[in-house]
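Each remark here refers to the structure printed beneath this line.
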Amino acid sequence: MAYFMRAFRVYRKRLKNVLKARILKVFPQLEGEFPDIPLTPSPSQELGDFSVPCFFLSKLLRISGEEIAQRVAKDFEGNRYIGSMEASGPYLNFRLRREFFYPLVIRESLRLEEGVALFPKRRRRVMIEYSSPNTNKPMHLGHVRNNVLGMALGGLLETVGWEVILVNLVNDRGIHICKSMLAYEKWGEGATPEAEGLKGDAFVGRYYVMFEQSLRRERERFMAERYGGEGGLSTALSLEEFLALIRERKLVEEGLLERARREVRTPKELEAFLRKSVGKKIWREIQRSRRQEEQRRKELLDEREREFLRHSELMAEATELLRRWEAGDQQVRRLWRRMNRWVYRGFRQTYRRLGCRFDKWYYESETYRLGKELVQRALKRQPDFVYRRSDGSVWARLEGVVDGIALQEKLLLRGDGTSVYITQDMGTAVRKFQDFPIHASIYVVASEQRLHFINLFEILKRLGYRWADRCYHFCYGMVTLPRGQGKLKSREGTAVDADDLLDDLEARVREKVLENGNVPPGSVDRVVRQVALGALKFFILLVNPGKDMVFDPGKAIEFTGDSGPSIQYSYARIRSIYRKASSSLRRAFRGEEVDYSLLREGEEEEILFLLFRFDEVVWQAAEKYSPSILAHYLLQLSRAYARFQHSCPVLGAEGRELRKARLGLCLATAAVLRRGCEILGIPLPSRM
RNA sequence: GCGCCUAUAGCUCAGUAGGAUAGAGCAUCGGUUUCCUAAACCGAAGGUCGCAGGUUCGAGCCCUGCUGGGCGCACCA
């Protein structure tokens with residue numbers, strides 16, 4: 001018995017060989033330079049099971065696809081694999097022999113239930129860094145996407161044979177942590193998460209928000225004092241300001257402006273109004289003026305912000321804490337350790353809920369100095385690449401174009417010798433390859449950091465690390481709130497907290513579970529957790545990682561339709577059928593031959609052909625780093641199963657042989673759903 | 001100002017390395033339960049695939065331009 005699932009691949013190979021032989025019989029001149037056959041599922045069952053678009057040979061043969069298809073199909077007599085062939089335009093459609101194909105699909109799928117691997121081991125290790133939270137606040141929706149994608153990617157790579165090392169690089173030091181610490185020192189009055197009945201990370205996050213709020217108040221006072229009422233100036237122009245700007249620059253006639261004033265209520269509407277009413281040239285001029293004005297304001301605001309930060313007492317205190325932390329001040333370190341412990345305790349709970357696994361934890365407080373040494377060494381050994389400026393700062397001379405992006409000089413050490421973000425990441429990258437014999441290193445980090453990683457990998461490459469081009473930034477899009485609410489801002493407390501989200505989902509699931517009453521009381525809690533998690537994860541995994549996604553906390557996650565619970569539901573119903581099957585039927589199914597060619601309904605066929613694609617889908621999802629491919633497939637299978645179950649009775653089918661065959665189909669479907677969900681990190685309850 | 005990403009049904013998303021008539025779900029309207037879990041099933045309606053060109057037997061997918069949206073271009077992380 002093979003230790004991995006290979007029958008599908010062998011079968012596809014044979015199928016192609018048979019097709020190739022047939023084509024060669026008709027076109028012997030193709031011998032020697034035969035291209036790979038593009039085998040695709042037929043668009044509809046009426047046409048056939050599989051199709052080959054014959055364009056792929058028309059260049060070689062210099063015959064139209066139509067004629068090729070016709071000549072290949074003509075007088076085909078059938079063989080062990082293929083029953084019949086038919087040309088339809090340039091497509092060669094054919095049907096498989098059921099008596100051979102069906103048992104193959106079902107038996108092979110059932111082996112998944114016995115724990116058979118999908119692919120052989122590759123004896124290669126890959127490290128995946130994901131999650132990487134800051135320890136000053138709880139994880140929010142953005143982290144949830146990261147965690148869910150990280151785990152799913154790990155599952156996929158493991159499935160295709162990699163040994164996967166999952167790591168978390170915790171950002172446990174820096175000014176943001178000092179902000180929480182300062183607020184706690186000032187206003188905490190010795191409170192603890194236990195005393196407040198709060199999760200540790202939520203507790204600490206509260207002080208971070210407190211700091212930011214006080215800072216905002218301080219900013220407002222400062223701006224009001226220094227700049228009068230204009231303290232609250234914003235970058236974007238208000239309607240009045242926009243109108244005034246256009247008048248001041250005499251860009252359009254007074255009359256038009258008056259009309260605009262009557263018809264328009266917001267800057268956005270004014271924009272639309274003007275675009276319609278003025279010529280292209282003037283419109284451009286307006287756009288340019290507006291941008292100019294906004295740029296001017298931005299610079300002004302930035303200058304004022306810098307000025308404020310220089311004078312801010314709170315910031316001064318936070319910076320002082322950071323300085324003492326770096327100097328190893330015992331008291332500060334004690335507080336830091338204490339607060340971080342609280343946070344980790346909270347994080348571990350959340351990770352447990354989300355089903356995250358980490359094989360190794362890295363802490364920036366331990367790794368942040370590593371990069372400095374690299375820089376110092378490069379400064380000596382590669383002066384043409386890494387050099388010091390007169391102000392003491394150290395730079396990398398990056399140039400050229402990578403992925404369409406022109407590289408620029410990059411700061412590696414500040415004038416005072418301290419390291420910056422990229423310096424730390426350089427050190428950690430090297431550390432990873434020292435700690436583990438890994439072949440590749442993947443970073444699951446949001447797309448806003450694309451440039452950072454391009455720079456990082458390029459620097460490592462220039463420093464002579466061969467593995468630099470086996471580092472990969474798995475970037476995923478931002479999670480945004482609907483209706484232009486923009487980013488989730490944890491500072492302002494507008495972020496959707498991961499724990500709150502799960503709590504909310506669980507409450508809704510619980511209601512439904514209790515209402516349905518299919519779950520024994522002792523299992524309700526577990527099932528509720530599984531279904532809520534399935535809903536959340538599936539919602540995220542369904543979306544292509546590269547794309548931004550809109551998350552509407554109120555509406556986004558439904559338990560109906562394209563959702564995790566709908567897949568869990570299909571699975572639960574199969575388990576239910578199996579539970580209700582008589583023991584004699586189960587025995588017969590296990591012990592006797594089953595005639596799967598009895599499965600002749602369209603609904604049954606649809607499932608069989610989907611099952612047959614499972615290994616390919618997983619392979620492709622892994623190859624493309626795209627869990628959404630697998631997620632969509634599972635949904636498709638689950639839908640097909642629901643249709644089948646609606647129209648084909650299993651236990652009530654006519655005849656014991658048909659009952660056996662259908663039971664096999666159900667269990668094969670369950671096996672594939674289970675394995676697929678397992679890969680993605682989605683739990684499947686057997687009742688719900 | 002420069003660069004990267006993106007634009008598919010009212011909304012949220014798919015679209016398999018150019019291939020047959022562009023698909024799901026939600027929402028809307030209509031139907032299905034003495035039957036293995038109605039978190040389901042069936043049907044209707046909904047589209048100039050942002051706009052304009054180009055490449056070829058063929059383009060939602062590739063190229064060019066334009067427009068809208070997101071992100072980036074820190075001695076922040």
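Just so you know, these numbers use all the heavy atoms, side chains as well, and skip hydrogens, waters and symmetry mates. Chain letters run A, B, ... following the sequence lines, proteins first, then strands; residues in each count from 1.
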Touch class at under 4.0 angstrom, heavy-atom based, for A:Ala572 against every strand present: base

Enclosure of A:Glu86 CD (heavy-atom neighbours >12, cutoff 6.0 Å): no

Main-chain N/O of A:Arg579 paired to A:Arg586 side chain as donor or acceptor, under 3.5 Å: yes

Protein-nucleotide distance (A:His632, atom NE2; B:rU12, atom C1'), rounded to Å: 11 Å

Integer-rounded Å distance: B:rC36 P and A:Tyr641 OH: 12 Å

Listed nucleotide nearest any side-chain atom of A:Arg639, set B:rG72, B:rG25, B:rA17: B:rG25

Value in whole Å for how far the P atom of B:rA40 lies from CG of A:Asp562: 10 Å

Among B:rC41, B:rC71, B:rC75, the one nearest A:Ser393 by side-chain distance: B:rC75

Nearest-angstrom distance from the residue atom CZ of A:Phe614 to C1' of B:rU16: 16 Å

Short side-chain N/O contact to B:rA77 OP1/OP2 from A:Arg414, under 4.0 Å: yes

A:Phe589 ring center near A:Tyr578 ring center (under 6.0 Å): no

Rounded distance in Å - CD (A:Glu448) to P (B:rA74): 15 Å

A:Tyr569 aromatic ring stacked with six-membered ring of B:rA40, 5.5 Å and 30°: no

Proximity of A:Phe612 and A:Phe609 rings by center, below 6.0 Å: no

Aromatic plane relationship, A:Tyr368 with A:Trp325 - under 30° parallel, 30 to 60° tilted, over 60° perpendicular: tilted

Secondary-structure string, 5' to 3', Watson-Crick or G-U under 3.5 Å, | for another-strand partners, for RNA chain B: (((((((..((((.....[...)))).(((((.......))))).....(((((..]....))))))))))))....

N or O in side chain of A:Arg573 less than 4.0 angstrom from B:rA38 OP1/OP2: yes

A:Gln645 side chain near B:rA38 phosphate (N/O to OP1/OP2, under 4.0 Å): no

Pi stacking test for A:Tyr91 and B:rG19: under 5.5 Å apart, planes under 30°: no

Base B:rA40 paired with A:Thr560 side chain (donor-acceptor, <3.5 Å): no

Side-chain donor/acceptor of A:Thr428 to backbone N/O of A:Gln424, under 3.5 Å: yes

Separation of atom CZ in A:Phe538 from atom P in B:rA14, rounded to whole Å: 13 Å

OP1 or OP2 of B:rC42 under 4.0 Å from side-chain N/O of A:Arg643: yes

N-glycosidic conformation, B:rA17 - syn within 90 degrees of 0, else anti: syn

Between P of B:rG69 and NZ of A:Lys547, the distance in whole Å: 18 Å

Stacked cation flag A:Arg145 on A:Tyr476, 6.0 angstrom / 45 deg: no

Sugar-phosphate only, base, or nothing, as touched by A:Val401 at under 4.0 Å among non-hydrogen atoms: nothing

Pair of N/O donor and acceptor under 3.5 Å linking B:rA20 base with A:Asn93 side chain: yes

Donor-acceptor pair under 3.5 Å, A:Asn544 side chain vs B:rA14 base: no

Closest listed nucleotide, where the reference is the side chain of A:Leu411 and the choices are B:rC75, B:rC36, B:rA77: B:rC75

Electrostatic pair A:Glu303-A:Arg306, nearest N-O below 4.0 angstrom: yes

Phosphate-side-chain proximity, A:Ser576 and B:rU37, N/O vs OP1/OP2 below 4.0 Å: yes

Residue met sooner reading RNA chain B from 5', once A:Lys410 and A:Ser419 are mapped to nucleotides: A:Lys410

Distance in angstrom units between A:Leu610 CG and B:rA24 P, rounded: 13 Å

Touch class at under 4.0 angstrom, heavy-atom based, for A:Thr418 against every strand present: nothing

Ring centres under 6.0 angstrom apart (A:Phe559, A:Tyr569): no

